[in-house]
Structures are given as C-alpha cells and as structure tokens.
Number of protein chains: 2
Amino acid sequence: MAAKKKTQFAILGLLSWKPMSGYDVKKLVDVGLSHFWNENYGQIYPTLDRLVADGLATKKSDHASGKRRRFVYTITRKGKKAFRTWIEAPTDAPIVRNELQLKFFLSSGLPAIDSVRLIKQHQGAQRAALAEYRHSEAVLREALQNDAVSDELDELMTMTGTDSQSRKKQLNTFYLTLRHGIHIIEARLAWCEEAITSLGADLANTET
Amino acid sequence: MAAKKKTQFAILGLLSWKPMSGYDVKKLVDVGLSHFWNENYGQIYPTLDRLVADGLATKKSDHASGKRRRFVYTITRKGKKAFRTWIEAPTDAPIVRNELQLKFFLSSGLPAIDSVRLIKQHQGAQRAALAEYRHSEAVLREALQNDAVSDELDELMTMTGTDSQSRKKQLNTFYLTLRHGIHIIEARLAWCEEAITSLGADLANTET
DNA sequence: GACATATATATCAGTTTGATATATTATTGC
DNA sequence: GCAATAATATATCAAACTGATATATATGTC
C-alpha cells in the first residue's frame with residue numbers, strides 16, 4: 001500500500017476554520033505548522049480537487065473586482081464528519097528524518113573533530129530557530145495576557161477566520177503548539193552540548 | 001525537482017562499516033536508527049542496484065552451505081568518497097511529521113476535554129517508548145563502563161562489523177544517538193504535562 | 001515604466017511509502 | 001517426526017509525497 005493520505009485531513013482541518021484557497025492552505029501551513037508539518041502545492045491542489053470529488057468540500061470561483069481569480073474551497077457536513085473521525089482515530093507516532101543524527105551515527109569511523117564540526121553547525125541553526133520561536137512566544141504571551149492581538153497576529157487570526165468568542169482558545173492552542181516546538185529545539189540543543197562535551201573528552205584523550 | 005535521495009547515503013554509510021545485504025541494511029536501520037530515520041525495502045533494493053550501476057558499490061552473490069542465497073554489497077573507493085562528500089555537505093534541518101501536533105492544532109474548535117484525551121494517549125505511547133530507551137541506555141552505559149558487551153549488544157556489534165579497536169568509539173556513538181532520542185521523548189512528555197495543565201485550567205474555568 | 005514582490009494555480013519527474021508476494025532455512029510445540 | 005511459525009532474504013508496485021518550476025495577474029517602489 002502507499003503512504004497515508006494525511007494531507008487530506010490537514011486540509012480538511014484548515015477548511016473547518018474557514019473556506020480558503022490552495023494558496024491560503026499553503027501559507028497557513030507554512031506559518032503555523034512548519035515545525036511539525038508541511039505541505040506543498042503538488043499535494044495541495046490535487047488533494048483539494050479530490051476532496052470535492054469525494055463530497056468533502058465544495059469549490060467556488062471567487063473573482064472579486066480588481067483581484068485575480070481564485071478558487072475557494074468550503075468544507076461540507078460530510079467533510080466535517082470525516083475530519084472528526086480522523087481526530088478520534090488512533091494517532092500515528094511522530095515520523096522524523098533527522099539528517100544530522102544520521103550523519104553523526106554513520107560517521108563514527110571519522111575523527112571526533114569532524115563530528116564536533118557537524119554538531120556545531122547544527123547547534124548554530126537550532127539556536128537561530130530558537131530565537132525566532134522565542135520572539136513568537138513573547139508576542140503570543142502578550143496577546144494572551146492583554147487580550148489584544150498585535151498587527152502581525154491579527155493577520156494570522158484573520159486567516160483562520162476565528163470569531164472573537166473562540167479567539168482566546170485558538171490563541172492558546174497556537175501558544176501551546178509553539179511551546180512544543182520550543183521544547184523540541186531545546187532538547188536538540190541540550191543534546192548538542194552533551195555530545196560536544198563527550199566528544200571533547202575523547203579529543204583530549206587522543207591528544208595526550 | 002523531486003525528493004532528495006538521502007537513502008543512497010544512509011546505505012553507503014552502513015556499507016562503510018561492513019559489506020552487507022539489503023536485508024541487513026533494513027535490520028540495522030530498524031534497530032539502530034528508527035527514532036530518527038527509516039528505510040523500506042521498496043527503497044533499499046533499487047538503491048543498492050543503482051549504487052552498483054554508479055560504481056559506488058559492488059554486488060556479489062553469497063551462497064554459504066545450508067544458507068539461502070544472498071547478495072552482499074561492498075562499498076568501493078568511489079563510494080567512500082561520495083559518502084564523505086555528503087558528510088561534509090550542508091545538513092538539512094530535521095523534517096518532522098507529527099500527527100499528534102497536527103490534530104491538536106487543528107482541533108482547537110473542539111471541547112478541551114477531547115484535546116486532553118488526545119494528548120493523554122500520546123503521553124502513554126511516549127512513556128512506553130521512554131521505558132524502552134532507558135533500558136537500552138542502561139545496557140550501553142554498562143558496556144561503556146565495563147568495556148564488555150552483553151549478548152544483545154554483541155549481536156549488534158557483529159552486524160556493524162566493528163573491530164575491537166574502534167568498538168568503544170562506536171559504542172559511544174550508539175550511546176549518544178540514543179541520548180538524543182531520550183532528550184526528544186522527554187521534551188514531548190514535558191509538553192504533554194504543560195498542555196494538560198493548561199487545558200485543565202480551561203476545563204475548570206468552563207465548569208464553574 | 002522597469003523591476004521586484006505578493007497572489008494564485010498548475011504540473012511533473014523523481015523519490016518515498018507501506019504493504020504484499022514469494023522462497024528458503026531454522027525453531028518450536030505437540 | 002512433522003506441522004506450524006518465525007526468521008532470513010529478495011523483489012515489486014500503486015499510490016503518496018517532494019521540490020521545483022512555469023505561468024499569469026496585481027501591487028508596490030524607485
């Protein structure tokens with residue numbers, strides 16, 4: 001059998017917030033889900049059309065004056081049901097493809113100094129990512145405390161189509177999702193420190 | 001362009017330890033790399049043959065008495081060079097597909113109690129995984145301290161074909177790789193606690 | 001008015017997935 | 001001793017997914 005068709009449910013979940021185009025789907029995934037999920041156009045457009053074929057969504061041409069034509073997809077009752085069924089079904093374990101770990105594991109035959117260089121590059125990238133996440137975290141935390149969203153957040157909330165009633169709840173979901181990303185990046189950084197220390201001891205041993 | 005052909009390098013890296021069959025590759029990936037990498041036969045066998053076609057490995061039929069025929073692949077000098085080139089090339093950021101996070105993020109419209117159930121299931125699975133990792137960690141730590149490997153570890157070391165000289169180094173690599181897995185699982189569990197607490201407060205609020 | 005950027009859809013070769021089919025040897029239970 | 005089961009081993013495939021590119025319209029800016 002082939003891969004698991006999760007794209008379908010990711011899109012259905014986004015459509016359950018608000019009718020949107022394939023372009024909107026891509027943008028939302030990129031800004032909100034990127035550290036634990038990703039989708040690409042090659043998958044999004046065919047999947048949207050299949051959703052329509054399966055009666056899980058409807059397609060409507062939207063040609064607002066002065067704007068270019070776009071196709072807006074709306075979730076159907078059947079689509080909402082399919083989405084809920086997926087939510088309640090058993091959840092697959094996270095799937096990871098971590099090239100740094102692969103390289104590290106396979107390069108045990110190379111000098112420790114090479115492994116350290118490898119890890120330090122990764123460490124730099126993860127630190128940069130953490131800085132970005134920390135910024136978003138601060139923005140979200142402020143919004144949650146003051147009950148008022150900044151401009152950059154307002155754009156996101158507009159995209160999700162959340163009404164003011166459930167907005168706080170959604171903000172908290174965003175916040176917790178981000179917290180997950182931060183936990184993971186911190187774990188990677190903690191490992192980098194540990195590995196560098198361990199390999200450093202090796203280095204010192206072989207030098208003496 | 002298409003996906004990135006990392007399978008090639010994963011296999012090349014394993015062949016750099018020891019000549020082996022496609023079946024051996026699969027087994028090694030499953031036992032040693034499964035928490036940050038995976039490969040499947042549909043990918044392994046065609047890739048092995050392409051490695052041969054590209055001059056990065058050689059194929060040899062091995063038919064030991066009483067055993068069934070197998071094809072053993074040996075890395076060439078060109079293959080080793082290709083492997084090193086990949087090690088030194090920039091490393092892609094980790095790619096993750098975490099269905100639990102996807103569900104959590106998309107289900108902010110559902111009652112908090114549903115989200116909590118979702119997370120608790122995940123928590124159970126992660127706790128079970130952690131227990132296994134802790135066991136392997138103890139085995140490896142003991143081997144590193146006593147400089148003597150247990151039976152279950154000896155089998156793994158035989159598979160990797162490591163000579164006694166570089167064995168300790170390889171053991172330490174295994175250990176550090178496992179530590180990475182532990183850090184990640186602990187991060188996931190820490191997030192579960194945090195999320196459940198946060199949603200629990202929500203629950204208490206809506207109930208009063 | 002040229003250039004860059006954002007919006008928006010569409011396509012596709014090549015890679016990856018998850019499973020299944022097939023065959024041989026080893027082990028275990030009865 | 002023999003039937004069922006597990007382990008070893010290769011091979012195959014439809015369907016899903018990737019990463020990029022092509023195309024076109026609208027907006028901002030220098």
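Proteins get letters first, then strands, A, B, ... in listed order; numbering begins at 1 in each.
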Separation of D/dA7 atom P from B/Lys26 atom NZ, nearest Å, is 15 Å
Tell me whether the side-chain N/O atoms of B/Ser21 come closer than 4.0 Å to OP1 or OP2 in D/dT8.
no
The answer to which of B/Lys5 and A/Arg68 contacts DNA chain C further toward the 5' end, by nearest nucleotide, is A/Arg68
| message | Check this for me, if you would: do B/Glu132 and B/Arg127 make a salt bridge, where the nitrogen-to-carboxylate-oxygen distance has to be below 4.0 angstrom? | response | no
Side chains of B/Glu39 and B/Thr7, donor plus acceptor under 3.5 Å: yes
| said: Does this structure show an ion pair linking A/Arg167 with A/Asp147, if we count only N-O contacts that are shorter than 4.0 Å? | reply: no
Quick note, ring-ring contact (aromatic ring centres under 6.0 Å, His included) partners involving residues 38-64 of chain A, not counting sequence neighbours, are A/Tyr41-A/Tyr45
Counted 5' to 3', the first and last nucleotides of DNA chain C within 4.0 Å (strictly under) of a heavy-atom of chain B are C/dA13 to C/dA26
query: Going by atom types only, do B/Trp191 and B/Gln126 share a side-chain donor-acceptor pair under 3.5 Å?
result: no
> Is any side-chain N of the basic residue among B/Arg134 and B/Glu186 closer than 4.0 Å to the acidic one's carboxylate O?
Replying inline: yes
A/Asp92 atom CG is separated from D/dA16 atom C1', nearest whole Å, by 14 Å
Judged by nearest nucleotide, the residue sitting upstream toward the 5' end of DNA chain D, A/His63 or A/Lys4, is A/Lys4
When rounded to whole Å, the CG to C1' distance for the pair B/Asp30 and D/dT8 reads 14 Å
Comparing A/Lys67 with B/Tyr73, nearest DNA chain D nucleotide closer to 5' gives the residue B/Tyr73
Check your understanding: Less than 4.0 Å between a side-chain N and a carboxylate O, is that true for A/Asp24 and A/Arg70?
Key -> yes
In whole angstroms, the gap separating P of D/dA26 from CG of A/Asp62 amounts to 13 Å
**Cationic tip of B/Lys59 above B/Tyr73 ring, under 6.0 Å, 45° of axis** = no
Within residues 34-47 of chain B, the residues having a heavy atom closer than 4.0 Å to DNA chain D are B/Tyr41, B/Gly42, B/Tyr45
Notebook entry, point to check: So, A/Glu137 and A/Arg179, do they make that salt bridge, N to O below 4.0 Å?
Noted result: yes
Taking any heavy-atom pair under 4.0 Å as a contact, classify B/Lys6: base, sugar-phosphate, or nothing.
sugar-phosphate
